[in-house]
Every structure is written in structure tokens, then in C-alpha cells.
Amino acid sequence: MPELPEVETTRRGIAPFVTGRVVARVVLRRKDLRWPIPRAISTRLPGQRIDAVERRAKYLLLHTAAGSALLHLGMSGSLRIVDATVPVRKHDHYDLWLDSGQALRFNDPRRFGCLLWQPPGEVHPLLQHLGPEPLGDAFDGHWLWAASRGHHTAVKNFLMDQSIVVGVGNIYASEALFAAGIHPKRAAGAVSRARYTRLAAEVRRILTRAILRGGTTLRDFTAPDGAPGYFEQELQVYGRAGQPCTACGTPIRAAFIGQRMSYWCPHCQR
DNA sequence: CTCTTAACCTGGACGC
DNA sequence: TGCGTCCAGGTTAAGA
């Protein structure tokens with residue numbers, strides 16, 4: 001479910017309840033998610049104060065003096081703030097109980113998410129080959145253009161490659177390419193510098209706007225307080241196959257690019 | 001290296 | 001109602 005706006009919405013939702021709190025105890029209801037949950041989560045985290053909640057790409061980091069818990073929501077994961085009166089539901093895989101009497105509770109039917117540990121002063125291997133943050137200073141059209149030279153893969157796949165730029169998933173890749181007027185199947189290396197400048201600006205605009213709207217709720221994404229995201233109402237192409245383009249009225253096309261369903265306007269995108 | 005493909009999982013929607 | 005099929009917001013690992 002979550003791309004960058006949904007993860008950032010989650011970060012902002014949990015931060016006020018988690019920052020400065022001490023982890024009282026950890027409840028693991030299974031020993032693995034996508035990967036085994038390391039022992040350090042049980043042995044090192046309890047007793048530690050969470051100094052900050054950071055987002056890097058689609059990961060969340062709970063920083064403590066002893067190290068950092070590294071969380072990923074995968075495809076279907078979500079975090080909620082609960083107290084002891086809230087019953088455990090199906091697929092509630094772990095709780096991080098805090099000294100406030102509340103807990104951070106992770107639910108993930110498909111279990112593509114993960115809970116890992118990053119020792120102090122280290123960068124977890126999963127974070128080592130990530131590209132720049134799309135809302136940061138290092139990301140712009142020149143970066144995309146320079147990184148794309150010689151790449152023959154479809155520009156949509158290129159844009160979703162987390163080593164090129166992080167945070168852009170299947171929904172926002174389609175939306176950004178529509179906004180920039182670029183056909184998603186075009187070879188990444190065949191897009192001009194000027195058009196990458198436009199694309200980078202649209203990626204920023206759309207992600208910023210989606211964060212403002214609390215993310216996109218297609219099925220089950222909710223913020224930690226249970227609120228859905230409202231960006232779905234602003235989607236121009238994603239999930240709109242056969243419906244008229246909002247700009248020109250041409251029916252929106254849908255097809256697999258790589259392994260992912262993709263949406264575009266055959267008239268507006270070249 | 002670059003690029004493609006399969007794999008990891010469950011559940012909801014849909015067709016018969 | 002039940003059953004089979006397909007699809008889903010992510011990412012890695014293996015193969016070509």
C-alpha cells in the first residue's frame with residue numbers, strides 16, 4: 001500500500017506519541033515478517049528512549065541511543081497507536097509498548113513488511129544503495145537525466161527504481177508521468193533533459209500534495225489515527241482505465257509495464 | 001552492469 | 001453459497 005506519502009503520513013501520525021517515550025516492552029506475535037525479526041529488537045530496544053522518528057525512502061527509523069528499529073510497511077502494512085483496551089486483530093504482528101501506556105501496533109496481512117535493527121553508527125545494508133529523497137535538494141531533473149543515460153528500460157520502471165530516486169511507487173509513477181506528458185514506456189535514456197526537469201518538478205508537486213492530503217487510500221491504507229488518505233480523489237490516471245482523460249477526454253489506457261499495471265493517456269503522453 | 005522474472009503472502013472482487 | 005482466478009500501493013534474489 002504505501003508509497004512515500006503514505007509512509008510520511010504514518011511518520012507524522014506516530015511521531016507525537018512516540019518521540020521521547022521509553023519502550024517498556026516488545027510483543028512479537030510471530031518470529032518473522034519478510035525476514036526474521038532480529039533478537040536485538042527484543043533484547044536491545046526495551047528500556048530505550050525513542051529520540052526521533054525518521055523516514056528514509058519508504059522506511060521508518062525509530063532512533064535510540066542503543067540503535068534504531070528499522071520498519072517497512074511492505075505492500076499491506078499499517079501502524080496504529082493503541083492502548084490496552086484495544087483488542088488484537090488478525091495480522092497484528094507486533095506491538096512496541098511505551099511508558100505512556102500506549103503502543104505502536106503493526107498490522108500486515110501480506111507480511112511483506114519488516115522489522116529490523118540498525119546498530120548505532122551503522123547504515124543498514126537495505127539503506128545503503130538508495131537514491132536521493134525526491135523532496136530533498138539532491139533530486140532534480142539534471143540528476144534524473146544524468147542517471148538515465150544509456151538506460152533502455154521504460155522510464156516508468158526507471159522512476160520506480162529506488163536506487164535512482166526513492167519513494168515513488170506504482171501510483172505516483174503513473175501520476176507524475178501523466179503530469180509531465182511523458183509516455184511511461186519511453187526508454188529512460190531517450191527522455192530529454194528538459195522533460196526530466198519537468199518530471200522532477202511534477203514528482204515533487206504530486207508527492208507534496210499527496211502528503212498534504214494524507215496519502216492515497218485505495219483499499220485499506222489509514223493513518224495511525226484511522227483516518228483515510230484523500231489523494232485518491234485527485235488521481236488523474238491511476239485506476240482509471242477506459243475513463244476519459246481529465247485533460248483531453250481520450251480514454252485512459254492500461255497495460256503492464258514490467259510486472260506492474262500502468263495507466264496513461266495515449267494522447268497527452270509521448 | 002543492465003534488465004527481466006519469479007518469489008514472498010493474504011484477501012477482496014469477480015465470474016461461473 | 002462456494003470455488004477458482006486474478007489482482008493488489010514493495011522489494012529482493014536469481015537468472016539471462
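A note on names: the letters A, B, ... follow the listed sequences, proteins ahead of strands, and every chain is numbered from 1.
- Listed nucleotides: B:dG11, C:dG10, C:dA8. Nearest to the side chain of A:M261: C:dA8.
- If you take NZ of A:K185 and C1' of B:dC3, they are 17 Å apart, rounded to a whole angstrom.
- For the P atoms, the distance linking B:dC9 with C:dA14 amounts to 15 Å, nearest Å.
- Between A:H129 and A:S163, the side chains place no donor N or O within less than 3.5 Å of an acceptor N or O (distance only, hydrogens not considered).
- The side chain of A:T153 places an N or O atom within less than 4.0 Å of a non-bridging phosphate oxygen (OP1 or OP2) of B:dT4.
- For the residue pair A:E232/A:T216, the side-chain donor-acceptor check at 3.5 Å is not satisfied.
- Among the protein residues, A:M160 comes within range of no part of the nucleic acid, since none of its heavy atoms lies under 4.0 Å from any strand.
- Summarising the geometry, the separation between CZ on A:F106 and P on C:dG10 is reported as 14 Å, rounded to the nearest angstrom.
- Between the OH atom of A:Y172 and the C1' atom of C:dG9 there is a distance of 9 Å, given to the nearest Å.
- Note on A:H91: a side-chain N or O is less than 4.0 Å away from OP1 or OP2 of B:dG11.
- The listed nucleotides are C:dT11, C:dG10, C:dA8; the one nearest the side chain of A:R110 is C:dA8.
- Residue A:P109 has its side chain nearest to B:dG11 when only C:dG10, B:dG11, C:dA8 are considered.
- Atom CD in A:Q259 sits about 11 Å away from atom P in B:dA7, given to the nearest Å.
- Between A:R209 and A:E234 a salt bridge is recorded (basic side-chain N to carboxylate O distance below 4.0 Å).
- A perpendicular orientation is assigned to the rings of A:Y59 and A:H72, their planes being inclined by more than 60° (bins at 30° and 60°).
- Judged purely by distance below 3.5 Å, without hydrogens or angles, the side chains of A:N107 and A:S78 never pair a donor atom with an acceptor atom.
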**Asked** How does DNA chain C look in dot-bracket form if you count Watson-Crick and G-U pairs under 3.5 Å, write [ ] for pairs that cross, and put | where a base pairs with another strand?
**Response** .|||||||.|||||||
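- Across the protein-nucleic acid pair, A:F256 atom CZ and B:dT5 atom P stand 12 Å apart, rounded to whole Å.
- A:F112 does not qualify as a stacking partner of the B:dC9 base, lacking a centre-to-centre distance under 5.5 Å together with planes within 30°.
- One can place CD1 of A:I164 at 14 Å from P of C:dT11, the figure rounded to the nearest angstrom.
- Atom pair A:E175:CD and C:dG9:C1' shows a separation of 13 Å (rounding to whole Å applied).
- Look at CG on A:L127: it is 14 Å from C1' on C:dT12, rounded to the nearest Å.
- Of the side-chain N and O atoms in A:H152, none sit less than 4.0 angstrom from OP1 or OP2 of B:dC3.
- Using a 4.0 Å cut-off, some side-chain N or O of A:R111 falls inside it from OP1 or OP2 of B:dT10.
- In this model, a donor atom of one side chain and an acceptor atom of the other lie less than 3.5 Å apart for A:Q233 and A:R213.
- Residues A:G258 and A:K90 both approach DNA chain B. Their nearest nucleotides, taken by heavy-atom distance, put A:G258 toward the 5′ side.
- Heavy-atom neighbours of A:R149 CZ from other residues, nucleotides or ligands within 6.0 Å: above the threshold of 12.
- Two rings, from A:F178 and A:Y172, have their centers 6.0 Å or more apart.
- The 12-atom threshold is not exceeded at CZ of A:R44, counting heavy atoms of other residues, nucleotides or ligands nearer than 6.0 Å.
- Between A:K58 and C:dG9 there is no side-chain N or O to OP1 or OP2 distance below 4.0 Å.
- The phosphate of C:dG10 (OP1 or OP2) has a side-chain N or O of A:R260 nearer than 4.0 angstrom.
- Considering only the side chain of A:Y59, C:dT11 comes nearest among C:dG9, C:dT11, B:dT4.
- Checking the phosphate oxygens (OP1, OP2) of C:dG9, a side-chain nitrogen or oxygen of A:Y238 falls inside 4.0 Å.
- Taking every side-chain heavy atom of A:E3 into account, C:dG9 is the closest of C:dG9, C:dT12, B:dT4.
- Separation of the P atoms belonging to B:dC3 and C:dG9 is 22 Å when rounded to the nearest angstrom.
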